[in-house]
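Notes to accompany the following structure.
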Amino acid sequence: MITKSFQDYEDLLNKNYKDAVATLLVKYGRATDNYFKERSYQLFLNGEIKSPTKGQISRSAEGLYCHHIDENKFLNMANASYIFGQKIPFLYQQKDRLVYCNLVEHLILHALIVHETQGHFGYPGLIQYLKPSVKDWYISGIKPDKLWEQKCFKEAYITSGQATILLNTIDKRLVSTKRKKFSLVSKNKTTSSNHILSSDYPHLVKINFDIFSSRTKIVNKLFDLKYRDQYKNIKQFIHATPTHSKNELLKELDQVIEQLG
């Protein structure tokens, strides 16, 4: 039997992006502060400080994420490198351009963005963070270590079967979507999105490594470059890293490449 919460997820996925956002605004209420402090944000855009100061927007204690409504116009709007690279105006960081959601709802919002923008927006967050998190937490049984992530895990909880159904449905809907390719290794492309992704993991460019690779491929590369002498085989290494998120693995791999020079 389909639970009410899972039915809500399916209903949300069947809406368009604008209506899905409206539904979540009603469900969780509006933000009471801007994502970043305005003066700090302007100083950052002017190159006077390294990063902008966040506002009081966190509701992670409730298991909720804060999503930028205009991520159907810009990429990764909470990331300093992306902000600077795209010169995102402050008005898109204001409280009336924010919406709260749990992990599964966040996944759905990004899936809707990818579909409606033909893959020009929403794709990196969907593939690099949200889908891996849902797979790890609810299908692979890899529960998060951090307290705030544990709250997010519980708030969005669905069964392994429900998670599989949801991800398969999303994948089928996006199959025909002509997504924009965000390649780190293409020397012929000079779009701001490529520059931004390179700045997130600059040293991975040196080995032509695609940050959208599977978690397994990332683990294998880490094993080859750093851990081969510490573990008897790749299986032993994988067993030792079950709770590491994909982002954490990418960051470590980037650091390894930097150290290798």
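In this text the structure is predicted, and so the values were computed from the model without any measurement.
- No donor-acceptor pair under 3.5 Å is formed between the side chain of N102 and the backbone N or O of L64.
- Side chain of N46 to backbone of Q42: a donor-acceptor contact under 3.5 angstrom is found.
- The OG atom of S60 sits 12.0 Å away from the CD atom of Q150 when rounded to the nearest 0.5 Å.
- Residues meeting the side chain to side chain contact (heavy atoms under 4.5 Å, CB included) test with N233, sequence neighbours left out: K235, Q236.
- Considering only residues two or more places apart in sequence or on other chains, Y35 meets the ring pair (Phe, Tyr, Trp, His ring centres under 6.0 Å) condition with H68.
- Put simply, CZ on R228 and NZ on K226 are 15.0 Å apart, with the number rounded to the nearest 0.5 Å.
- Contacts classified as salt bridge (charged side-chain N to carboxylate O under 4.0 Å, His left out) and involving residues 155-164 (residues at least two apart or in different chains) are not found.
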Under the side-chain contact (heavy atoms from CB on, under 4.5 Å) rule, what do W148 and S58 come out as? Steps first, then yes or no, please. CA-CA 11 Å; W148 73 269; S58 177; over 6 Å; no
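- Geometrically, K87 engages F84 in a cation-pi contact, judged by NZ or CZ lying under 6.0 Å from the ring centre and within 45° of the ring axis.
- The aromatic ring centres of Y100 and Y28 sit 6.0 Å or more apart.
- Under the side chain to side chain contact (heavy atoms under 4.5 Å, CB included) criterion, T169 pairs with L13, I165, R173, sequence neighbours left out.
- Q118 contributes atom CD, which lies 10.0 Å from atom CG of L174 (distance to the nearest 0.5 angstrom).
- Distance alone, capped at 3.5 Å, is enough to place a donor-acceptor pair between the D33 side chain and the Q56 backbone.
- Of all heavy-atom pairs between A111 and I170, the closest is CB-CG2, 3.8 Å.
- Under the rule for a side chain to side chain contact (heavy atoms under 4.5 Å, CB included), the partners of K217 that lie at least two apart in sequence or sit in another chain are F209, S213, S214.
- Of all heavy-atom pairs spanning Y129 and E149, the tightest one is OH-OE2, 4.5 Å.
- Residues forming a side chain to side chain contact (heavy atoms under 4.5 Å, CB included) with A163 (at least two apart in sequence, or on another chain): V134, Y138, I139, I158.
- Nearest heavy atom pair, residue A80 against residue S51, reads CB-CB, 4.5 Å.
- A distance of 12.0 Å separates CG of L109 from NZ of K15, quoted to the nearest 0.5 Å.
- Using a 4.5 Å heavy-atom cutoff, the side chains of L126 and L107 are in contact.
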Verdict with reasoning, D11 to Q7, per side chain to side chain donor-acceptor pair (under 3.5 Å): CA-CA 6 Å; D11 291 344; Q7 185 64 59; 3.1 Å; yes
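- The 12-atom threshold is exceeded at NZ of K73, counting heavy atoms of other residues, nucleotides or ligands nearer than 6.0 Å.
- Between the side chain of Q86 and the backbone N or O of L75, at least one donor-acceptor pair lies under 3.5 Å.
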Report the C-alpha separation of I234 and V219 in whole Å, then their side-chain angles, then the decisive distance to 0.1 Å, and conclude whether the side-chain contact (heavy atoms from CB on, under 4.5 Å) test is met. CA-CA 9 Å; I234 185 64; V219 169; 4.3 Å; yes
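- Rounded to the nearest 0.5 angstrom, H110 NE2 and N72 CG are separated by 10.5 Å.
- Not one N or O on the side chain of Y17 forms a donor-acceptor pair closer than 3.5 Å with the backbone of H115.
- Heavy atoms only, all atoms of each residue included: F153 and K143 are closest at CZ-CE, 4.1 Å.
- With rounding to the nearest 0.5 Å, the separation of CD1 in I218 from CG in L249 is 6.0 Å.
- Residues satisfying the salt bridge (charged side-chain N to carboxylate O under 4.0 Å, His left out) criterion with E62, sequence neighbours excluded, are R59.
- Considering only residues two or more places apart in sequence or on other chains, F36 meets the ring pair (Phe, Tyr, Trp, His ring centres under 6.0 Å) condition with Y41.
- With contacts defined as side-chain heavy-atom distances shorter than 4.5 Å, the pair L222/F237 qualifies.
- Qualifying salt bridge (charged side-chain N to carboxylate O under 4.0 Å, His left out) partners for K146, counting only residues two or more places apart in sequence or in other chains: E248.
- For the side-chain contact (heavy atoms from CB on, under 4.5 Å) with L253, the qualifying choice from H203, K221, E258 is K221, the only one to do so.
- For the pair L45 and I83, the tightest heavy-atom approach, listed with the atom from each and the gap, is CD2-CG2, 3.9 Å.
- K27 meets the salt bridge (charged side-chain N to carboxylate O under 4.0 Å, His left out) test with E105; sequence neighbours excluded.
- Considering all non-hydrogen atoms of both residues, I88 and Y82 come closest at CD1-O, 4.4 Å.
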Distance-only check: which donor-acceptor pairs under 3.5 Å involve side-chain atoms of residues 18-26, not counting sequence neighbours?
from: D19; atom 1: OD2; to: N16; atom 2: ND2; distance (Å): 3.4
from: T23; atom 1: OG1; to: D19; atom 2: O; distance (Å): 2.9

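- Residues passing the salt bridge (charged side-chain N to carboxylate O under 4.0 Å, His left out) test with K251, sequence neighbours excluded: none.
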Show your reasoning for whether side-chain contact (heavy atoms from CB on, under 4.5 Å) applies to N34 and Q93. CA-CA 6 Å; N34 300 325; Q93 302 286 359; 5.7 Å; no
Worked verdict on V104 versus I108 for side-chain contact (heavy atoms from CB on, under 4.5 Å): CA-CA 6 Å; V104 176; I108 291 171; 4.2 Å; yes
